[in-house]
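Take a look at the structure below.
Lettering of chains follows the sequences in order, A, B, ..., and the numbering in each one begins at 1.
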Amino acid sequence: MTLQTADLGVPGAFTAPGTRRSIGLFVALAALVALLMLSLIIGSKMMPPAVVWDALFHPSGDFDHFAIRDFRLPRTIVGLVVGMALGVSGALIQALTRNPLAGPGILGVNAGASFAVTVAIGLLGVRDVRGYMWFAFAGALVVTIMVLLLGSTRRGQSPVVMVLAGVCVGAVLGGAGSALQLINPDAFDQMRSWGAGSILGRPLDVVWPILPFFAGALVLAFAVSGPLNAMALGDELAVAQGVSLVRTRILAIIALTLLAGGATAIAGPIGFVGLMVPHVARWIVGPDQRWIFAYSMLLAPSLLLASDILGRIVMHPSEIPVGIVTAFVGAPVLILLVRRRKVSGL
Amino acid sequence: MTVTNLNPRLISTLALAAALLGAALMLAACSDGDDTPTATGTPAVTGTSTTASPSPTAESGTRQVEADNGTIEVPANPQRVAAIGNASLPFIDLGGEPVGVTEMRASTLALLPEEQKGTFEAAMNLGPSGGEVDLEKLASLEPDLILAQLPTSDFELIKEQLESIAPTVFFGLGTEWKTLADGLAAAGNLTDGLSEQKAEFEAHVATIQETYREIIDDTTFVMLDRYASSDPATFVITHIGCIEIAQDDIGLNLPEHAEGNNGEVQSFEQIGELSRYDVILYPVNAQGQATEPFAPVVETNAWQALPAVTSGHALGVFCPGNNSYGSVLRYLDSLDQALATLPSDE
Amino acid sequence: MTTRGVSTSTRSSRATRSPEVRRVDFGRRVVVVRRGWVAMRFEWRSVIVCTAVAVAVVVMSVLALTTGSYQISVSQVVSALTGGETGLVHDIVVEWRLPRIAAALVFGSALGVSGAIFQSMLRNPLADPGIIGFSQGSYTGALIVILVVNGSYLQLVGGAVLGGMATAVLVYVLAYRRGVQGFRLIIVGIGVSAMLGSLNTWLMLKASLEQAMAAAAWGAGSLNGVSWDQVAIGGTVIGALLLPAGILSGPMRQMELGDDAAASLGVRVAATRLALVVVGVALTATVTAASGPIAFISLVAPQIARRLARTAGITLVPAAFVGALLCLTADYIAQHIAPTPLPVGIVTVVLGGGYLGWLLFTEARRRL
């Protein structure tokens, strides 16, 4: 497979001056803050900003205050955290495989998490999200390590073999999981809703224990951004510059697994955010990973929150889980972009 | 390789022609096969109620039964009955003892009375669902009657095979529970048990109507539910399941609902809007605690602040199933007890 | 498609060789024999592999014919096949087991060929008809019939084929911009598939458990209840499609060298690609109509065949043989492994994915 760094970039972007990138970053930050506020205001019932303010800082027993404090605030925080993790993990996997079509799911993160949750629900009778989120996390980690081993050759890790291995492991686990679900209708029933992916109804005590992992992974991601930049120009050149290919790849994989695995443990499988946002970030800022990470950290939660808000509006007053909306928001953009730009590669 | 010398235009034309020919063949063949068998399979959808009328034909030792797959000739006194799909539990409830069944979900079986559960487990397990029944295993049981309730599309696939094993009485999923009980009793020669259950049901309904006449006339009720497959942080204002009996047979005053949908999905944010109802009914297990899927609703601050909850007007009702007289009778017991706890000032 | 350095070198040598071969071939057709020497080396192994797979297929068929939950002795099976049995034994052997085996072979090989066509055309080892949205589209169509209309089996088949075809056309049209380029086709396919996949998840959420489980079983691909009618119809269509597939395989191999190289050899790239897409999709559509979308065979059969036959590119015949064996074996396992039978598609995924993973692992090991 030769889906190399398909040169989807605008030529001008490579020369974008640092100031323009910084201004863009502030615009992205402003957009994110605006979406955070909208996420508190919009819902089954529109809340005026004054009510939101009161609910946050002078709460009373009012039903509107319950709605904001108990449901909208947690889902907004979950969206922010999960979005950031998905964005950066997507940027990492795309840098690592030099494949613009790779999402975090391609190394089997979602498959591992889903299978572990199916086992937890179907065989072990775990019913609470606080219980099976650890299964999801562990499943994602174990499967990614398996894929990493399968995809390793003498000359290090071949990204293409790794992707194939990810598909194989994902398929085996997916099949085994489906078999478990089909002979255990109760597990099937629960997995239907987990499989949709949602940031709603996750208590915040599901998020806190994952945060230290995210923080560590983010530090790792920025630490390997330099070597990844060097590797983007070719493995030989990178080695000549003193970059250790194996160490960079392994650190990057640890970081992206923690991020994607943690996000999936909290919210279930949410597609497209990790695939699309780094793409867009690269189109805006060019090939420098540090900038791509920074933009992904802001753009991904924006996309996730915007999708979530859209999911509340479309079928108002009922809602569509965000994991379903992201595809409908992301896919048309991707198709439009691929039609408009002169793409090569493959 | 020599074929490459052909005119490429010819190649593509040939390919297209062949594909079209193939499609045409398939269509023609499909519509051929359609003429004979499909005429029988549809009544379930159109909703024409099928009243089963056993009419013994003395000499052959068989009777005729009306079902969704036509008029079926069944043994006058079937000895070895296989009940697949959803037909198994209603058949057992009527006092039948099937030799083979397909799997039911564990959570459903847990609600059965012990002796019925024993009967179910004594039967041979023929497959994960009605549509995925192991036909050879079924044949090896040598049944003299097959009762089936499963999705119509699934049944049509295995209809011929089932009928080559034994007379097959089929009901679609949309069949009303009373009709289903009539049909299964007629086919399985269990009409004595059925009339007993019917009499008990009518007596119980009459008692409840008499005892709670005023409450039924002056109170607005709402029935809530939440399923394992529900989106997180949502619940349903439902009008299907056991509540149909409370509404249609007893006459509780429930909110208007649109025909056809399974209930109105509400976000937890909307719990406050439930203040408008006098009495809130919610699902509980046999021990009287909120069912596992519904428990998150009861835990919210908004629920605990509802006037109906603080004043003791939120009633847990146990619904062990709504597709057989036995389980419906147990539901009526539970409803009776719940209504009795309403404060007398009502 | 090149997954490793090793095959890249094989390919580049082919790439330099082929134009030359063509030039010889151009004037005198007899030279085919001379060129054949190079081809023979590959072909020999292909022939051996195909023979071995065929033997395995026969063994599996005998096994599938003689074992089952209903106890039938080998002599009874033989007499049933020769018309010596009546009643249930005859029905089970001749009307249930035999068409099921035939269906596994016919549909499995069709999926293998279909996958081989797509992987060769897109030069991508992960390509199958799913890539242009066919699988998700047909699942959407079937789900709407099962969940919304509560329709008959025939409506389900219609919905599935219609959904799949409409999606494939949509993807093709969206990817069309002065010709269809492989990369753009893949990205558009991923986008549309993702949307439909989400829609499918949502439809499943809104269904009752029985409906959702029936839909899931259909979506996994099941041979339960397959009859001679389905095999005959499906087999006829597939047979009719294999002819153009064979004719197209020549230009297809040339297009593996790149669009420009193929065009310089006189291949009409755009028309050939459209024809390949149509044949590939039609093959998958036929299988989907008869048995639901049996997953993963189209993806792994060409890969396994390529590794067994050690050919540089994707070849149709070994892929067809491997596809047939995979489908038959998977169905046998699906009927016997669990206490209750499973849809075949679940096992094809585990079996095919597992075997391909193992091949990858040993390949990587060999290079250690």
Side-chain angles (χ1 to χ4, degrees), chain A residues 42-47 59-72 74-75 78 121-122 125 127-129 178-203 206 267-268 311-312 315-324, chain B residues 85-86 102-111 125-134 226-237 258 261-276 285 291-297 299-307 309-310:
Chain A
I42 296 172
S44 60
K45 181 178 170 190
M46 300 293 158
M47 304 283 184
S60 68
D62 190 62
F63 281 117
D64 287 352
H65 289 192
F66 286 135
I68 290 167
R69 290 181 66 87
D70 295 347
F71 310 120
R72 288 193 201 174
R75 83 191 288 183
V78 170
I121 293 176
R127 283 287 180 271
D128 191 79
V129 62
S178 307
L180 261 179
Q181 286 175 35
L182 280 181
I183 58 178
N184 186 337
D186 278 314
F188 178 86
D189 213 17
Q190 285 223 329
M191 289 302 289
R192 275 203 283 170
S193 109
W194 188 84
S198 173
I199 57 173
L200 180 55
R202 268 68 184 169
V206 169
R312 306 175 208 176
M315 297 194 64
H316 189 87
S318 87
E319 298 195 6
I320 304 175
V322 67
I324 285 163
Chain B
N86 285 357
T102 54
E103 221 157 281
M104 296 301 293
R105 50 197 309 197
S107 55
T108 308
L109 293 178
L111 300 175
N125 182 352
L126 297 172
S129 68
E132 286 293 312
V133 63
D134 186 340
R226 194 166 185 282
Y227 317 107
S229 61
S230 290
D231 293 339
T234 60
F235 63 96
V236 186
I237 294 182
N261 69 345
N262 291 342
E264 207 173 316
V265 179
Q266 306 272 301
S267 135
F268 279 11
E269 287 184 7
Q270 292 162 284
I271 288 177
E273 293 169 23
L274 297 172
S275 308
R276 72 171 84 130
N285 57 24
T291 58
E292 209 171 79
F294 195 78
V297 182
E299 285 165 14
T300 61
N301 293 321
W303 172 270
Q304 278 152 20
L306 277 172
V309 176
T310 49

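The CG atom of A/Asp186 sits 6.5 Å away from atom OG1 of B/Thr108, with the distance rounded to the nearest 0.5 Å. Rounding to the nearest 0.5 Å places CZ of B/Phe268 at 12.0 Å from CZ of A/Arg75. Taken from CG in A/Asp70 to CD1 in B/Ile271, the straight-line distance is 9.0 Å, to the nearest 0.5 Å. Note that CZ of A/Phe63 and CG of B/Asn301 are 10.5 Å apart. Values are rounded to the nearest 0.5 Å.
Both the backbone and the side chain of A/Leu200 come within less than 4.5 Å of a heavy atom in chain B. For B/Ser107, the parts lying under 4.5 angstrom from a heavy atom of chain A are both the backbone and the side chain. For A/Ser44, the parts sitting under 4.5 Å from any heavy atom of chain B are the backbone and the side chain alike. There is no contact between A/Arg312 and chain B, counting heavy-atom distances below 4.5 Å. For a residue to count as touching a neighbouring chain, one of its non-hydrogen atoms must lie under 4.5 Å from one of that chain's; by this rule B/Ser230 touches chain A with the backbone only. With a 4.5 Å cut-off on non-hydrogen atoms, B/Glu103 touches chain A through its side chain but not through its backbone.
Here A/Lys45 does not pair with B/Glu269 in a salt bridge; the nearest charged N to carboxylate O distance is not below 4.0 Å.
Other residues, nucleotides and ligands contribute at most 12 non-hydrogen atoms within 6.0 Å of the CE atom of A/Met315.
Counting heavy-atom pairs closer than 4.5 Å to chain B, the top residue among A/Ile183, A/Asn184, A/Asp64 is A/Ile183.
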